[in-house]
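Accompanying notes for the structure given below.
Residue numbers begin at 1 in each chain, while the letters A, B, ... track the order of the sequences.
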Amino acid sequence: MIRSYVDHGLHGHAFRLFADMKSLRHHVRPDNYTFPCVLKACAGSDHLAGGLQLHGAVAKLGLDTDIFVGNTLIALYWRCGPSSDALRVFDEMPNTDVVSWNAMIAGYAQNGQCDRAIELCEKMVALQKPQPDAGTMASILPAMSNANRTDIHLVRKMFDEMGKKDLVSWNAMIATYANNSMSAEAVELFSGMEMAGVEPDAVTLASVLPACGDLLALSLGKRIHEFIERKRMQPNVVLENALMDVYANCGCLTAAREVFDGMTGKDVVSWTTMISAYGMLGHGTKAVTLFEQMRKSGLKPDPVAFISILSVCSRSGLLDEGKYYFKCMTECYHLVPRIEHYACMVDLLGRSGHIDEAYDFILKMPIKPNERVWGTLLGACRVHSNMEIGMIAADHLFNSVPEQSGYYVLLSNIYARAGRWEDVMQVRNLMMNKRIKKLPGCSNVELWNKVHTFHIGDRSHPQSEEIYEKLDVLMRRLKELGYVAETETALHDVEEEDKEGHLLVHSEKLAIAFVLINTTPKTPIRITMNLRMCGDCHRAVKLISSIAEREIIIKDTNRFHHFEHGVCACGDYW
DNA sequence: GTAGGGTTAG
């Protein structure tokens with residue numbers, strides 16, 4: 001009876017019934033089954049004092065040696081006590097099991113002590129005593145966002161060595177990949193799960209959908225959507241939000257909106273997703289309208305919602321609206337702006353051409369500007385060819401993140417636009433001396449229910465020969481239309497060359513040629529890439545969209561480019 | 001009986 005109350009969040013009822021049980025009237029002595037329940041109620045209601053009292057009673061009855069009691073105490077102290085107490089309980093337990101270890105791992109992971117969490121995991125994997133289980137994988141998950149490859153490898157090892165892989169272990173592995181931008185791996189594992197005959201649940205799907213969006217794996221997204229409807233998994237806010245996200249990230253605004261309109265319980269995430277969907281595809285005013293509708297509906301925009309609306313405003317050049325929302329955030333909602341909000345403001349000012357004001361804004365920020373803030377300013381300087389401030393921004397970046405190749409590329413672009421070739425060469429030499437490697441460009445495209453990846457200059461694809469032939473034909477027609485490759489005038493990113501000194505073909509061109517030779521006319525082409533599109537490819541793809549009569553949607557790391565009839569929706573302004 | 005998995009922005 002007590003557990004029923006606890007399971008339904010009725011902690012007060014649970015406490016009263018517990019007191020009643022011990023009272024003179026009933027006089028039933030609580031045992032090792034009772035205490036975990038009541039302790040859980042304390043943890044759930046942040047009632048440390050009650051927990052401490054119970055801990056005392058437990059010790060008096062000699063029940064503190066019970067594994068279940070001990071495990072619950074660990075969770076209680078992680079949740080609302082000093083974490084040292086959790087550690088003490090764990091150390092003093094005469095016997096521990098996998099749950100005790102998992103509780104410790106989860107405690108560390110959820111309290112920002114990722115190294116400790118990973119350490120404990122490593123120990124488990126090494127000792128195999130206790131043997132890690134799905135719960136271990138789930139517990140370590142919070143420590144695995146932005147993890148090193150080695151740590152991800154550790155989780156994978158647990159997964160591979162697990163005897164029987166249940167739903168949760170699959171989910172945890174997929175989420176590990178998804179949280180570390182390893183979308184291809186997440187999607188691949190999802191197919192592995194299907195092949196293993198494990199039926200996905202809402203958690204699986206909500207984890208894998210953003211990865212689909214990331215890869216523009218639209219047909220998989222649609223297939224999952226059908227599955228959700230067939231299994232009647234709606235309403236489920238989290239799942240529906242993820243579904244909206246996949247459509248938004250594949251550039252399917254109408255489909256995203258349909259999901260949004262069909263939702264019964266929209267939360268802030270739902271609105272935010274839809275707002276940024278409009279923003280990403282250049283419908284700034286609609287996004288602003290929606291933001292106001294959200295406010296009218298009584299929902300309070302959270303810090304993420306403000307990041308979204310601010311970035312919508314800067315992408316659409318809505319300068320006044322952006323300034324208003326920055327003010328509104330603090331004055332109407334009493335939110336303290338975070339570094340991301342400041343970065344959005346720098347982007348808003350800089351991108352709209354107010355570079356001096358953006359620089360001034362940075363100097364007056366109450367918190368220390370980070371790499372993202374300076375990087376945003378540098379990006380704006382490239383768009384508006386502002387060399388003076390661009391150099392200041394680059395200086396900050398080269399000092400704080402000297403290994404980040406992208407910023408060298410941006411600076412060299414600024415020089416190139418100004419025709420300062422010696423400076424371009426100097427940046428290139430700087431990169432060589434510091435042994436800075438440019439991140440190799442790669443593009444993903446979905447075809448035949450599979451994601452195909454192309455790297456710069458890739459010749460490993462079975463259809464490689466046809467792809468290059470197709471590209472040749474295309475480039476010849478492009479030249480007839482007056483196109484001159486910028487590679488020839490060196491107005492190109494600091495670029496890799498192959499052994500024979502040829503400039504290598506950028507991956508997005510390879511991906512486009514690949515789709516062109518394998519699909520019927522008019523099929524839209526959707527590509528994602530791991531870098532910003534270079535200006536040369538951007539000009540080429542515009543022309544290809546008109547020659548080949550194809551809608552081409554390219555999502556780069558910065559934004560969507562939607563090419564149709566020879567123009568891009570970004571207005572050549574990115 | 002105890003622990004643990006999902007969505008948005010940059």
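Contact annotation for A:A134: base contact, defined as any heavy-atom pair under 4.0 Å involving a base atom. Among the atoms of the strands shown, only primed sugar atoms or phosphate atoms (P, OP1, OP2) are found under 4.0 Å from some heavy atom of A:P210.
Near DNA chain B, meaning a heavy atom under 4.0 Å away, the residues from residues 187-208 of chain A are A:D201, A:A202, A:V203, A:A206, A:S207. Within residues 100-109 of chain A, the residues that have a heavy atom under 4.0 Å from DNA chain B are, in order of number, A:N102, A:A106. Contacts of residues 223-240 of chain A with DNA chain B (heavy atom under 4.0 Å): A:N236, A:V238, A:L239.
Judged by distance alone, with hydrogens and angles left aside, the side-chain atoms of A:D201 form a donor-acceptor pair with the main-chain N or O of A:V203 at under 3.5 Å.
Comparing atom distances between the A:N32 side chain and each of B:dG1, B:dA9, B:dT7 picks out B:dG1 as nearest. Closest contact between the side chain of A:S276 and the listed nucleotides B:dG10, B:dA9, B:dG4 involves B:dA9. Nearest nucleotide to the side chain of A:N179, out of B:dT7, B:dG1, B:dA9: B:dT7. Distance from the side chain of A:I307 is smallest to B:dG10 among B:dG1, B:dT2, B:dG10.
At the phosphate of B:dT2, OP1 or OP2 sits under 4.0 Å from a side-chain N or O atom of A:K40. Note on A:S311: a side-chain N or O is less than 4.0 Å away from OP1 or OP2 of B:dG10. For B:dG10, one of the phosphate oxygens OP1 or OP2 lies less than 4.0 angstrom from a side-chain nitrogen or oxygen of A:R315.
Counting only residues at least two apart or in different chains, side chain to side chain donor-acceptor pair (under 3.5 Å) contacts with residues 174-184 of chain A comprise A:R156-A:Y177, A:S183-A:D214. Applying the side chain to side chain donor-acceptor pair (under 3.5 Å) rule to pairs touching residues 188-198 of chain A yields A:E194-A:R223, sequence neighbours excluded.
Between A:F260 atom CZ and B:dT7 atom C1' the separation is 14 Å, expressed in whole Å. A:N241 has its CG atom 14 Å from the C1' atom of B:dA9, to the nearest Å. As rounded to whole Å, 15 Å separates atom C1' of B:dT2 from atom CZ of A:F35. Rounding to whole angstrom units, CD1 of residue A:I2 and P of B:dT2 are separated by 13 Å. Here the P atom of nucleotide B:dT8 and the CG atom of A:D245 are 5 Å apart, to the nearest Å. Between A:N249 atom CG and B:dG10 atom C1' there is a gap of 13 Å when expressed in whole angstrom units. Counting to the nearest Å, the C1' atom of B:dG1 and the CG atom of A:D31 are 10 Å from each other. A:I275 places its CD1 atom 12 Å from the P atom of B:dG10, with the value rounded to the nearest Å.
Residues that satisfy the side chain to side chain contact (heavy atoms under 4.5 Å, CB included) test with A:T254, not counting sequence neighbours, are A:E258. Shown here are the side chain to side chain contact (heavy atoms under 4.5 Å, CB included) partners of A:S100, two or more places apart in sequence or in another chain: A:N71, A:I74, A:F90, A:M93, A:T96, A:D97. The side chain to side chain donor-acceptor pair (under 3.5 Å) check on A:K327 picks up nothing, with sequence neighbours excluded. By the ring pair (Phe, Tyr, Trp, His ring centres under 6.0 Å) test, A:Y278 is found to be paired with no residue, residues two or more places apart in sequence or in another chain being considered. Shown here are the side chain to side chain contact (heavy atoms under 4.5 Å, CB included) partners of A:C114, two or more places apart in sequence or in another chain: A:A143. Scored by the side chain to side chain contact (heavy atoms under 4.5 Å, CB included) test, A:V198 finds A:L167, A:W170, A:M193, A:A196 as partners (sequence neighbours excluded).
By the 4.0 Å N-to-carboxylate-O rule, A:R88 lies close enough to A:D85 to be salt-bridged with it.
Of the listed residues (A:N236, A:D267, A:T273), just one forms a side-chain hydrogen bond (donor to acceptor under 3.5 Å, both in side chains) with A:N241, and that residue is A:D267.
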Side chains of residues 129-137 of chain A: which donor-acceptor partners sit under 3.5 Å, not counting sequence neighbours?
from: A:D133; atom 1: OD1; to: A:N102; atom 2: ND2; distance (Å): 3.1
from: A:D133; atom 1: OD1; to: A:G135; atom 2: N; distance (Å): 3.0
from: A:D133; atom 1: OD1; to: A:T136; atom 2: N; distance (Å): 3.0
from: A:D133; atom 1: OD1; to: A:T136; atom 2: OG1; distance (Å): 3.0
from: A:T136; atom 1: OG1; to: A:N102; atom 2: OD1; distance (Å): 2.8
from: A:T136; atom 1: OG1; to: A:D133; atom 2: N; distance (Å): 2.9
from: A:T136; atom 1: OG1; to: A:D133; atom 2: O; distance (Å): 3.3

